[in-house]
Structure formats: structure tokens, C-alpha cells
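All remarks here apply to the structure that follows.
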Amino acid sequence: MAKLSTEELLEQFKEMTLIELSEFVKVFEETFEVTAAAPVAVAAAGPAGGGEAAAVEEQDEFDVVLEAAGDKKIQVIKEVRALTSLGLKEAKDLVDGAPKPVLEKVDKDAANKAKEQLEGAGATVTLK
């Protein structure tokens, strides 16, 4: 098999659904005996004496949580599909199971844009 460049790998990942990508990460972690969450846990611990300073820092990762679909459920499902590349069934299940996260650990701009799109479709959304 030909070796893929970083750009080619990223393009392949962009084509995957969130479920497929999650399954890939699990298999990757098992194969190479690593944990993707470990660096996040270390970063979250922060410096020992800087508890106050860490609290002052601005949050840079947000979760976009769908609280309710509202009256225009079909429009909300369409927006969820556009934001996540989920299939129709997965997006419908996500909307039906609200409150559920639509996007996790995205930057502030992406979170605000997603919130605007979902609210424009009639959904109730919170950022965490």
C-alpha cells in the first residue's frame, strides 16, 4: 500500500462520519497501545500553584449541545447533518434524543457559527 501524506489522511478523515471516526480512534488506541485522552487530562490538571490563573484563562474549546429541536424538527435535522456529516438516521436519532452534544471540543468561532445555524432552524442550543 502506498504511503499517504498528512493532507491525504486528513481528507480521508473529513469524509468519515463521527461514528466511523470514533471507531477508528478506538482501534488506533488499541493497536498502538496509546490513549488520545491522556494529553488532555494532563493539560487540564494545569500548574500546581496557578489555580486562580487557570480559572481566569478564556475557554478555548466548546461543546455545542442541542437542548430541544423546537417546531421545525426537519430543518434542525438538516442543520445537524450539515454540521456533523452524520447520516439521516443518526442525525434524526441525535435530534430525537435531545439534549445531546452535536459538536464537541470545537473552537469558539465554530461553536458560535453552529449555534447560529441551529437556532436559525428553530432549535434551542447551549454552549458548554
Side-chain angles (χ1 to χ4, degrees):
M1 182 166 115
K3 185 175 179 181
L4 297 175
S5 70
T6 303
E7 290 80 20
E8 291 169 329
L9 282 171
L10 287 174
E11 288 303 316
Q12 291 297 314
F13 290 137
K14 288 179 184 177
E15 294 176 12
M16 298 173 84
T17 65
L18 289 177
I19 294 170
E20 292 170 335
L21 193 54
S22 175
E23 290 171 357
F24 169 79
V25 170
K26 287 177 187 174
V27 172
F28 184 90
E29 289 174 344
E30 290 170 4
T31 303
F32 295 102
E33 298 177 1
V34 295
T35 303
V40 175
V42 172
E52 296 273 332
V56 175
E57 288 182 27
E58 184 177 342
Q59 182 178 355
D60 61 349
E61 288 185 339
F62 294 86
D63 292 345
V64 180
V65 180
L66 176 68
E67 297 295 333
D71 295 335
K72 300 177 184 176
K73 186 172 156 184
I74 293 173
Q75 292 299 92
V76 174
I77 292 171
K78 287 181 180 179
E79 289 300 327
V80 167
R81 289 189 68 200
L83 291 168
T84 63
S85 73
L86 289 175
L88 180 59
K89 182 181 182 328
E90 292 87 0
K92 183 181 180 302
D93 291 345
L94 188 146
V95 171
D96 287 341
K100 287 213 173 185
V102 176
L103 298 172
E104 295 179 322
K105 296 185 181 178
V106 295
D107 64 37
K108 187 175 184 176
D109 292 335
N112 284 329
K113 183 178 177 186
K115 181 179 179 184
E116 288 175 16
Q117 287 178 296
L118 288 166
E119 286 178 342
T124 304
V125 181
T126 58
L127 298 180
K128 295 184 179 184

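In what follows, residues are counted from 1 in the order of the sequence shown. Remember, it's a predicted structure, so these values are computed and weren't measured experimentally.
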Which atoms form the tightest heavy-atom contact between [X] and [Y], and what is the distance?
X	Y	value
R81	G87	NE-C, 3.7 Å
F62	L127	CD2-CB, 4.4 Å
L94	P101	CD1-O, 3.7 Å
P99	E67	CB-OE1, 3.5 Å

Please round to the nearest 0.5 Å and tell me the distance separating atom [atom1] of [X] and atom [atom2] of [Y].
X	Y	atom1	atom2	answer
L9	K3	CG	NZ	9.5 Å
F24	E29	CZ	CD	10.0 Å
L18	M16	CG	CE	10.0 Å
L86	E20	CG	CD	10.0 Å

Can you confirm whether [X] sits close enough to [Y] that some side-chain heavy atom of one is under 4.5 Å from a side-chain heavy atom of the other?
X	Y	value
D96	K73	yes
K14	E11	yes
L83	Q117	yes

Requested in this report: Please check if the side chain of D63 supplies one atom and the backbone of V65 the other of a donor-acceptor pair under 3.5 Å.
Outcome: no

Report task. Look at the side-chain heavy atoms of Ile, Leu, Val, Met, Phe, Trp and Tyr, link any pair under 4.5 Å apart, and say whether F13 and F32 land in one connected group. Result -> yes

Query raised in the report: Linking I/L/V/M/F/W/Y whenever their side-chain heavy atoms sit closer than 4.5 Å, directly or via other members, would V80 and I19 fall into one cluster?
Result: no

Query - Test side chain to side chain donor-acceptor pair (under 3.5 Å) applied to N112 - qualifying residues, sequence neighbours left out - result: none

Query raised in the report: Considering the options V76, L118, I74, which one meets the side-chain contact (heavy atoms from CB on, under 4.5 Å) requirement together with V95?
Result: V76

**Report entry** Verdict with supporting geometry, K113 and D109, salt bridge (Lys or Arg N to Asp or Glu O under 4.0 Å)
**Finding:** CA-CA 6 Å; K113 183 178 177 186; D109 292 335; over 6 Å; no

